[in-house]
Each structure stands twice: as structure tokens, then as C-alpha cells.
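Let me begin by presenting the structure, written as C-alpha cells, before commenting on it.
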Amino acid sequence: MKWWQKMIAYELYPKSFNDTTNSGTGDLQGIIDKLDYLKALNIGAIWLTPVCRSPMVDNGYDIADYCDIDPSYGTMNDMKTLMAEAKKRGIRIVIDLVFNHTSEQNPWFLESASSRDNDKSDWYIWRDAREDGTPPTNWRGIFGGSAWTWNDTRQQYYLHTFAKQQPDLNWANPEVRQALYDAANFWIDLGAGGFRIDAITYIKKPDVFKDGTPDAPDGMVGIHDMIANTEGILDYLHEFKRAVRDGHDIFTVGEANGVSAEELPDWVGDNGVFDMLFEFSHINVEFKSVENWMTPDDWTLPDLKRALTQSQKNTKDNGWYPIFFENHDRPRAINHFYKEGANRLLAGKAIGLILYTLRGTPFLYQGEELGMVNVAWDDIADYNDISSIGQYKQAIETGYSHEEAMAAVHRFSRDSARTPMQWDTTVNAGFTTGQPWLPVNDDYETYNVESELKDPDSMLNWFIKLGQIRQEYDILIKGDYQELWPDDEAIYAYTRQYDDHQATILVNFSGETLDYDPSIITEANCIISNVNNSTKGMLQPYEAVFYLD
Ligand code: GLC
């Protein structure tokens with residue numbers, strides 16, 4: 001087994017992690033100062049969301065220079081120190097490659113936009129207007145509004161899957177691909193332990209650009225449906241693998257919205273292009289068809305379990321699964337997967353137990369180990385997240401009320417996962433002595449690293465213990481997964497089997513006491529449970545327990 005199959009990864013959102021300069025935003029030195037904290041969590045790799053030079057319209061997912069550090073985070077020397085200090089602690093640094101698009105401030109784009117016949121004129125996706133001056137297609141960008149923006153100099157539109165400040169690169173141009181591979185190799189030479197590859201399913205555009213059937217009153221169609229996972233994309237990605245991945249002791253994990261379960265073998269495993277793939281079937285449990293914040297579907301526990309079990313099956317013999325319940329784009333897991341009023345501490349611990357006992361590499365997200373939860377600010381002006389603002393605007397234009405639109409923002413805003421890390425009970429939770437770029441969650445005096453370390457029953461101590469258990473029991477890494485009672489509406493139960501042993505994990509998602517057939521675990525010992533006096537054959541409200549025989 002590879003090192004990256006045995007480790008726990010930590011997704012770190014640098015802007016909100018730890019500020020050492022009073023600027024109100026986190027920095028690389030702040031990460032260096034907290035490496036021992038991550039070590040205590042048994043972390044083997046830190047995925048840093050982008051720290052490259054960027055105007056920060058989308059918090060770094062708009063890159064102006066792939067081979068430089070944004071001054072707000074520090075310098076390239078700080079990055080080298082971070083890599084070296086992390087290495088001393090057995091931790092590798094994973095770089096986020098944002099290769100579908102750049103910033104509009106990237107010199108590549110500035111040159112491309114300067115005329116129709118410069119050296120980089122074909123590095124982005126330029127098209128003429130229709131005869132009436134409107135954009136070439138009716139595609140809506142993922143952050144709302146048309147996916148096309150007019151450029152006066154070229155008298156043409158350029159395409160952007162995300163915000164207008166994030167023009168899409170033209171992967172059909174081999175020079176573009178080479179420039180990106182060179183950037184990735186720059187990071188390998190520096191010592192990167194792996195890559196997370198952003199929004200990768202959008203890089204290949206269709207040969208012919210056509211209007212889609214409008215999916216909303218604005219007459220537009222979500223661009224995702226028009227360009228995700230377009231035929232031919234895998235050729236590019238095999239080339240990427242040869243040019244970047246092969247021959248190095250690193251791992252790659254792609255962000256792959258739009259890849260179906262059946263297609264996974266083309267993407268990961270022996271014939272695939274990445275080592276792992278973040279797929280979103282369980283995360284999108286309330287978006288069965290479109291990801292529209294205003295029209296979430298109802299969902300039940302069997303829906304969530306089905307998605308998880310399907311992913312476990314798909315990566316059983318081929319490829320490897322990155323397990324995650326939170327990231328910087330989604331609500332906090334306790335809010336996402338539990339009904340309002342659920343016991344916060346038990347719920348967070350239960351999600352943690354699942355995260356660490358499914359088959360795959362757990363990706364813990366900053367603050368998840370503290371049991372951080374969503375924020376709900378009154379006004380859209382309080383929000384920073386470009387997608388929340390876009391979704392709100394679109395909802396209002398579609399005719400929803402302010403209250404309805406804000407309820408959706410409260411439920412889905414990406415800012416909920418981006419509020420500053422809560423270190424202690426001092427002002428701004430010890431994140432900064434300046435003005436934090438995003439308000440700290442009000443609950444920081446209770447939920448913070450310092451207080452939680454002192455409390456043996458805290459979420460943080462639970463995650464520290466889980467980290468040790470995961471290291472101690474091979475069965476959690478190697479064991480086969482088998483789901484029990486898939487139709488049960490309240491219990492998620494599964495076994496892992498390896499070498500004559502069986503691990504059984506039982507999680508009660510409800511606030512009721514529930515019985516089950518204890519014969520499934522007669523011989524087993526309880527390794528860890530989030531309640532006192534765990535009893536075989538019975539689950540207390542919100543109980544999560546791991547038995548081993
Ligand atoms: C990915 C990132 C997200 C970003 C988007 C555009 O989905 O995770 O944060 O906004 O790509 O780069």
C-alpha cells in the first residue's frame with residue numbers, strides 16, 4: 001500500500017487558519033507555527049487551498065502567477081520553510097492546481113486580451129458576438145450570470161465557467177497545456193507531496209458551442225450541463241499524468257463534479273488518470289438533478305448511505321477513494337447531515353467516526369475537528385463568498401423574497417466553512433489581533449482548540465483518538481466494506497473485513513433509542529463510542545460505535 005492510502009489528509013484554508021502579521025488574513029508562517037497541532041491529529045498531508053499570487057476574487061482560485069506566493073501569505077521562502085518543517089514531522093504539502101482557468105490579472109490573459117493576433121491570442125476561449133451583439137451561447141456561469149464577458153479591445157467575448165474574473169484556459173492549445181505542466185513540475189521540484197486538481201472536469205470544451213435548453217426564467221442553462229466531462233477530456237488528462245504524475249512519489253486527487261460512478265474506472269486506478277477523485281454524490285444528497293440552492297430536494301438517510309456505499313463499491317478493486325464530509329465549498333457537516341436540534345457533539349463525533357472508518361483516505365477539513373458549524377448572517381452584504389452573492393442575486397431576480405434567498409444562503413453558503421479557525425477564547429478566537437477578513441463564529445468561546453484540548457470528551461480529543469485508532473487498526477485501511485441494513489431510515493451500519501477480523505461500525509442518526517440484532521457482534525469488543533456505556537443490541541440517541549472482533 002502507498003503512503004497516501006494509509007494517511008489522514010487535512011484540508012487547510014490558509015486565509016482563515018492563523019494570522020501572524022495582524023493583517024486579518026492567515027499566512028504561511030501561521031501554518032508553520034501550528035504544525036505540531038496537526039501532527040497531534042496524525043495528519044500525513046496538508047492540502048493547501050491556493051496560495052499562489054492572486055487578486056483573491058475567489059480567494060485564490062483566480063491565479064495570477066502559478067509559480068509565486070501571494071504576498072498576503074508570505075514568500076516563497078516561507079513556503080520552503082513550511083515544506084521543510086512539515087517534512088520533519090512526516091507531513092507532506094499538497095498543492096491545489098487551478099488549471100481550468102486563471103485570473104483575469106494573469107499576464108497570460110492580459111496578453112491574450114490585448115489583441116486578436118498576439119502570441120497568446122488563442123490561450124483563452126474567445127468568440128465573436130452573435131449578430132445582435134449578445135453572447136455566443138446562453139450558458140450561465142457557475143457563480144451566476146452569463147458565462148461570457150465582453151472584451152472591448154478584442155471586440156469579442158471570452159468564456160468563464162466561474163466568475164468573469166476567472167477566464168477559462170484553452171486546453172486545445174498544446175502550448176497552454178505545456179505551460180500548466182511546467183507549473184506543476186515547478187511545485188514537484190520544490191517538494192510538493194501531491195496535487196489536488198481543481199474543477200478538472202471542465203477543461204475540455206465541446207467542439208461546437210450550442211445553446212442549451214433554458215433551465216430557469218433567465219433563459220440560460222447552467223454551463224456544467226454543457227461542458228462537464230466532454231468527450232476527449234481523458235486524452236488531455238493522460239498527457240497530464242505522463243508529464244506530471246508519472247515517476248514521482250506523489251498523489252493526485254481530482255475534483256470531479258460530473259463524473260458518474262460508472263465512469264470511475266476511466267479516472268482512477270490502473271487505467272485512470274488520477275490516484276483519487278473527489279466525487280460528490282453523497283455531498284449532493286439534496287441536489288438530485290441540478291445544484292440550485294433554491295430548489296434542494298428532500299433526502300433520507302438511505303439516500304446518503306446509497307451514495308457512500310456506491311462509491312465504496314466502485315473503488316473496491318480499482319482506484320482509491322478520498323473520504324470527505326466537508327470542504328471549503330460546502331456547509332459544515334453537522335448542519336448538512338443532521339436535522340436542526342440534533343446533539344451537536346454526538347453528531348460531529350459520528351461523522352468523524354464514519355470519516356475515519358470507511359475505506360479510503362480521510363480528508364479532514366479545517367475546523368471539522370472542533371465541531372465547527374454554519375453561520376447565519378442577516379444580510380447578503382455580510383457575506384464575502386462570490387458564489388453566495390451570485391446565488392442570492394439570481395434568486396431575487398427569479399422572484400424569491402429576501403427571506404427565502406437568505407435562508408438558502410444560510411443553508412449553503414461557502415462562508416460557513418471559511419470563518420476563522422478557533423484557537424482559544426481570546427478576541428477573534430486567537431486567529432488574528434487585527435480585523436478578521438470574515439467574522440469569527442460567535443460560538444468560539446466554547447468551541448476552540450485550547451478549551452477542547454482540556455476537555456477529555458471534546459470533539460478535538462475524539463478526532464485525536466480516532467487518528468490513533470486509524471493508525472493502530474490495519475483493518476480500517478485494508479478491510480473490505482459491506483453495508484448492513486441499507487433500507488434502515490435511522491441507522492448507518494457497515495462492516496470492514498480483513499484477515500479473519502471484522503470491524504462493525506454502527507451510527508444512529510436519530511434522537512431515538514434503537515434496537516438491533518446483537519448477534520452481528522457477539523464476540524466483539526467496543527473500541528470507541530461517542531456515548532458512555534455503549535450496549536450491544538441497542539443504540540442510544542446519536543450514538544456512533546466501533547466494535548472489533
Ligand atoms: C472549485 C473550488 C472552488 C472554486 C472553483 C473555481 O470548485 O473548490 O472553491 O471557487 O473551483 O476555481
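Remember, it's 1-based here, ligands and their atoms both numbered in the order they're listed.
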Worksheet, complete the sentence: Among non-hydrogen protein atoms, atom 8 (O) of ligand 1 lies closest to D329 OD2, 2.5 Å
Item to complete: Would you mind running through ligand 1 and noting each atom that sits below 4.0 Å from a heavy atom of R418?
Response: 9 (O)
Discussion item. For atom 11 (O) of ligand 1, what's the nearest protein heavy-atom neighbour? Residue, atom name and distance, please.
Written reply: D198 OD1, 2.8 Å
Item to complete: Tell me yes or no: between the side chains of K34 and N18, is some donor less than 3.5 Å from an acceptor?
Response: no
Discussion item. Quick test: of every protein heavy atom, which one is nearest to atom 7 (O) of ligand 1, and how far off is it to 0.1 Å?
Written reply: E255 OE2, 2.9 Å
Worksheet item: Numbering the atoms of ligand 1 from 1, which are under 4.0 Å from a heavy atom of R196?
Response: 2 (C), 8 (O)
Discussion item. Is it true that Y61 and D96 share a donor-acceptor pair across their side chains at a distance under 3.5 Å?
Written reply: yes
Discussion item. Can you name the atoms of ligand 1, numbered from 1 with element, that are less than 4.0 Å from a heavy atom of F143?
Written reply: 10 (O)
Worksheet item: Who's the nearest protein heavy-atom neighbour of atom 5 (C) of ligand 1, and how far?
Response: F162 CE2, 3.7 Å
Worksheet item: Going by distance alone, is a donor N or O of one side chain under 3.5 Å from an acceptor N or O of the other, for D379 and W377?
Response: no
Fill in: W320/F274 aromatic ring centres below 6.0 Å
no
Worksheet, complete the sentence: atom 10 (O) of ligand 1 has as its nearest protein heavy atom D58 OD2, 2.5 Å
Discussion item. Looking only at the side chains, is there a donor atom on one of Y124 and T102 sitting less than 3.5 Å from an acceptor on the other?
Written reply: yes
Response to the item:
A student checking ligand 1 against R414 at a 4.0 Å heavy-atom cut-off should list atoms 3 (C), 4 (C), 9 (O), 10 (O)
Discussion item. If we check side-chain contact (heavy atoms from CB on, under 4.5 Å) with F251, which of these qualifies: R92, K2, M7, Q5?
Written reply: M7
Response to the item:
Checking H160, E104, K164 against T149 for side chain to side chain donor-acceptor pair (under 3.5 Å), the one that qualifies is H160
Worksheet item: Counting each atom of ligand 1 from 1 as listed, which ones have a heavy atom of H101 under 4.0 Å away?
Response: 6 (C), 12 (O)
